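Below you'll find the structure, written out as structure tokens, and then a few comments.
In what follows, chains are A, B, ... by sequence order, proteins preceding strands, each numbered from 1. Treat the numbers as computed from the prediction; the structure is a model and nothing was measured.
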Amino acid sequence: MSSNIERCYQCGQCTAACPMAEQEQAYKIRRFLQMEKLGLKSEEPMDIPFIFYCTTCYKCQDNCPQGVKIVDGLLSIREAAVRDGNILPAHRKIGQMLMDSGHAVPGNEDGKKRRLQLGLDEMPPTVASSEKQLNDIKILLNLSGFDQIVAEEKA
Amino acid sequence: MRELSLFLGCVAPNRYPGIEVAAKKVFSTLGVDLADLDGASCCPAPGVFRSLDKLTWLTLASRNITLSEKKSDDILTICNGCFSTLKDANDMLKEDPALKKDVNSKLAEIGHEFRGTQDVRHVVEYLYQEIGVDKVREAVTKPLHLRVAVHYGCHLIHPLKDSKLGLAGKPTFFDELVEATGATSVDYEDKMSCCGAGGGARTAILDATLKIANKKLEHMTEAGADCIVDACPFCHLQFDAGQAEINQKFAKNYNLPVLHYTQLLGLAMGFSPEELGIAMNTVDTSRFIEKVKMDTSGNEVCTIV
């Protein structure tokens, strides 16, 4: 999808509105957009992991006088980085949880106990309760190559 | 009785199941049956999975939607993230026949087909537009005298902005629904700001996300709130579990109970804090529960003041 990044004229209203930039100075959405425009993304590995600091709150996009779809643009930048093998370990881990359980946040002992206390079934009526449905998820994830994306790096 | 497919997501059923119970009780009281969407998976989360591989994100989201198409109910989400993913995916596939064909070729492998017949709704938006504030107010039997810090959450507002639901502009719909319970929605600085958790940030860079949450908690406390009310289990987790992490890491002393809107409305409808799972939070809610119980028992004796 085109994210109309070419409309950006580097005014910096995006970074000014960004709650993450306020806390973490290395996170500069304006810089990432410019690098993407100039095709520099793969030459700056030092910017990883910062491209993954965005919380996708859309404040930058709301504040952009040029109507740039900034969050879409950033998600594409991240996707390209992941394709180059630059996935963060924490994201690989939740990707693996999705592969294993169908949930990014699977059930745990406390959660099961709480469900029983509330009169619910121990497992929710989701993919967590159905081997067949979980198998369907795995088929789809393998079809789109997601298993390779979250696979452990070969030593 | 109207029926909707309840999309649970991950955090509500697996960490805060009180939200699942509260949603069903509250909707049943309002004449809407929330049916389980058997076999649903992670939505998958809009920031993190969409940025790992967009087609995977879209394929899994479309499978979740096809589960409701089979039952011909619209989907009701109780989470901003699930709303963002399912609504965006639904709209994208409805508008782009080539994309739909691509996704359907994958879904065919498991015997599913995306047809594009259903809508994706969010609990707060649905209550506001389909039930209405007046009906919600009429269903309140134990008005709550609480000062509430409303947290809209980013992905509730943003899919609405681009959607045809007519709730764009400066939103007050969530505040109106909170005030229908008898509570007061307090104003506070940066009210429309992020909790910090989204986009895969909480899992990857916890401390940076807690700094963002800390700022909101500071402003909510300054405004004299009795509790935070959200409409997203992930914001809920960030404010509840995150509060304990902030207290420990940044030497703070916050003690602000966190409720999902369905839990707040459940209290106002007369359900007990215990059956709504409000005591199952990380933050100690005992003083809050005591206040609500004293308050609501007083209402029975003195209803007109």
Which bit of [X] is near chain B, if near means a heavy-atom gap under 4.5 Å: side chain, backbone, both or neither?
| X | value |
| --- | --- |
| A/I94 | both |
| A/N108 | both |
| A/N135 | neither |
| A/Q23 | both |
| A/Q61 | neither |
| A/L143 | both |
| A/M123 | neither |

Under 4.5 Å heavy-atom distance to chain A, tell me which part of [X] shows up: side chain, backbone, both or neither.
| X | result |
| --- | --- |
| B/F49 | side chain |
| B/I205 | side chain |
| B/A204 | both |
| B/L99 | neither |

Looking at [options], which one has more heavy-atom pairs under 4.5 Å with chain B than the rest?
| options | result |
| --- | --- |
| A/G107, A/S129, A/A128, A/G119 | A/G107 |
| A/L98, A/I139, A/I149 | A/L98 |
| A/R78, A/E22, A/K93 | A/R78 |

Can you tell me if [X] and [Y] form a side-chain donor-acceptor pair at under 3.5 Å?
| X | Y | value |
| --- | --- | --- |
| A/T126 | A/H103 | yes |
| A/Q133 | B/R63 | yes |
| B/T262 | B/H260 | yes |

**Asked** Quick one: CG on B/N80 to SG on B/C154, what's the gap to the nearest 0.5 Å?
**Response**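 So the CG of B/N80 and the SG of B/C154 are separated by 8.5 Å.
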
**Complete:** Rounding to 0.5 Å, atoms CG (B/D96) and CG (B/D91) come to a distance of 12.0 Å

**Request:** Using a 4.5 Å cut-off on heavy atoms from C-beta on, say whether the side chain of B/P46 contacts that of B/D88.
**Result:**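 They are not in side-chain contact.
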
**Prompt:** Is it true that B/K216 and B/D190 have a side-chain N and a carboxylate O under 4.0 angstrom from each other?
**Reply:** no

**Message:** Please report whether the ring centroid of B/F83 lies less than 6.0 Å from that of B/H155.
**Reply:** no

**Item:** Max heavy-atom pair count under 4.5 Å with chain A, selected residue of B/T203, B/L8, B/L52
**Value:**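 Heavy-atom pairs under 4.5 Å are most numerous for B/L52.
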
Validation: residues 12-24 of chain B side-chain donor-acceptor distances under 3.5 Å, sequence neighbours left out:
| from | atom 1 | to | atom 2 | distance (Å) |
| --- | --- | --- | --- | --- |
| B/N14 | ND2 | A/V105 | O | 2.8 |
| B/N14 | ND2 | B/C10 | O | 3.3 |
| B/R15 | NH1 | A/P106 | O | 2.9 |
| B/R15 | NH2 | A/P106 | O | 3.4 |
| B/Y16 | OH | B/D240 | OD2 | 2.8 |
| B/E20 | OE1 | A/R115 | NH1 | 2.7 |
| B/E20 | OE2 | A/R115 | NH2 | 3.2 |
| B/K24 | NZ | B/D36 | OD1 | 2.7 |

